[in-house]
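Along the sequence shown, residues carry numbers from 1.
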Amino acid sequence: HLPTKEKVEARRNKAGSAEDPAYWSNDRGFWPPEGISNTVLTASAIITHDAAGKHLFTGRWFMILGALDPAFGGSDKPTVRFGKMGEIAGGRWGIQVFPPVQIKLVASQTYPVTYQIRDRLRELAGSINMDGAAYICLPENCGVDDTGHAGCCDVIQVGWSHKIIRIQFGGSPSDDPVNYEDLRPASEVYDDKSAEMWFRVRDAVYHEQLKGLDPAAAEQFCTRLYIDNGTKIQLQPKSREGKSGMKSYRSLFGKSPDEADTVAILLEVARQR
């Protein structure tokens, strides 16, 4: 039962290993770090990799990205987030996320909620002010959560642009490599698209390519659990108990992790663009 070099390296490169106490005790032969738990991110990782800091862009390949989580149901409010993407030091891609903006809805018999969301998104995308500069977000650079939101994406496409990127959190993972170190297809590692998107945020933080995390999003990334059942990684369900048996995020915290979802959407838009 002695570990081989190959087994240890495979375990180290496996997504989620650094957050697994069993990896530290069984494979590294050392005590797990204090406070370790199966969450997508940890406070120490955010601090170590300066995920709340700012990028210094070279000016090459620069574009503005957008993300919308319509967040229908419960007390959650539709959330919009924008971000910069471009080249950073070393010729790598970097993403700087802006603070989230919540869309306030009004009760109306003549102005449907989906139309309110569409109009406010279009308005915000055309007038972004950050760090003393004015930007716009083109619709082809804007991702919208299309996971069962009452045709909201259809309304946005008809009333703004058909070029928006529709994101299905409950869809199938891609066949792209998991990360730089783990070259397995994401479809072999993650249970669904949501898990892939959230863990790609984690990888971007660890490689110091994503910065600007606000406190709400950071807290959500540090509190949403996952399980690795030996075959695929499953995220804690957002609103109802899933097949993993974990309690939903909403049941524990009283809301969905919408701010973190918009960060995950931004990164998915960046990957597609």
Test item: side-chain donor near acceptor, N179 and Y206, under 3.5 Å: no

[X]: which other cluster members, linking ILVMFWY side chains closer than 4.5 Å, directly or transitively?
X    : answer
I88  : F57
I47  : none
V106 : none

With sequence neighbours excluded, tell me which residues meet ring-ring contact (aromatic ring centres under 6.0 Å, His included) with Y190. F199

For Y249, ring-ring contact (aromatic ring centres under 6.0 Å, His included) partners two or more places apart: F253

Among all residues two or more places apart in sequence or in another chain, which pass the side chain to side chain donor-acceptor pair (under 3.5 Å) test with [X]?
X    : answer
S194 : none
Y115 : none
E123 : R120
T4   : none

Could you note down all residue pairs passing ring pair (Phe, Tyr, Trp, His ring centres under 6.0 Å) where residues 164-187 supplies at least one of them, sequence neighbours left out?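 For residues 164-187, and leaving out neighbouring residues, the ring pair (Phe, Tyr, Trp, His ring centres under 6.0 Å) pairs sorted by first residue read Y180-H207.
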
Give every residue pair that meets the salt bridge (Lys or Arg N to Asp or Glu O under 4.0 Å) criterion with at least one member in residues 162-179, sequence neighbours excluded. D146-R166, D154-R166, D176-R271

Contact list for residues 53-66, test salt bridge (Lys or Arg N to Asp or Glu O under 4.0 Å), sequence neighbours left out: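 Listed by first then second residue: K54-D131, R60-E87.
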
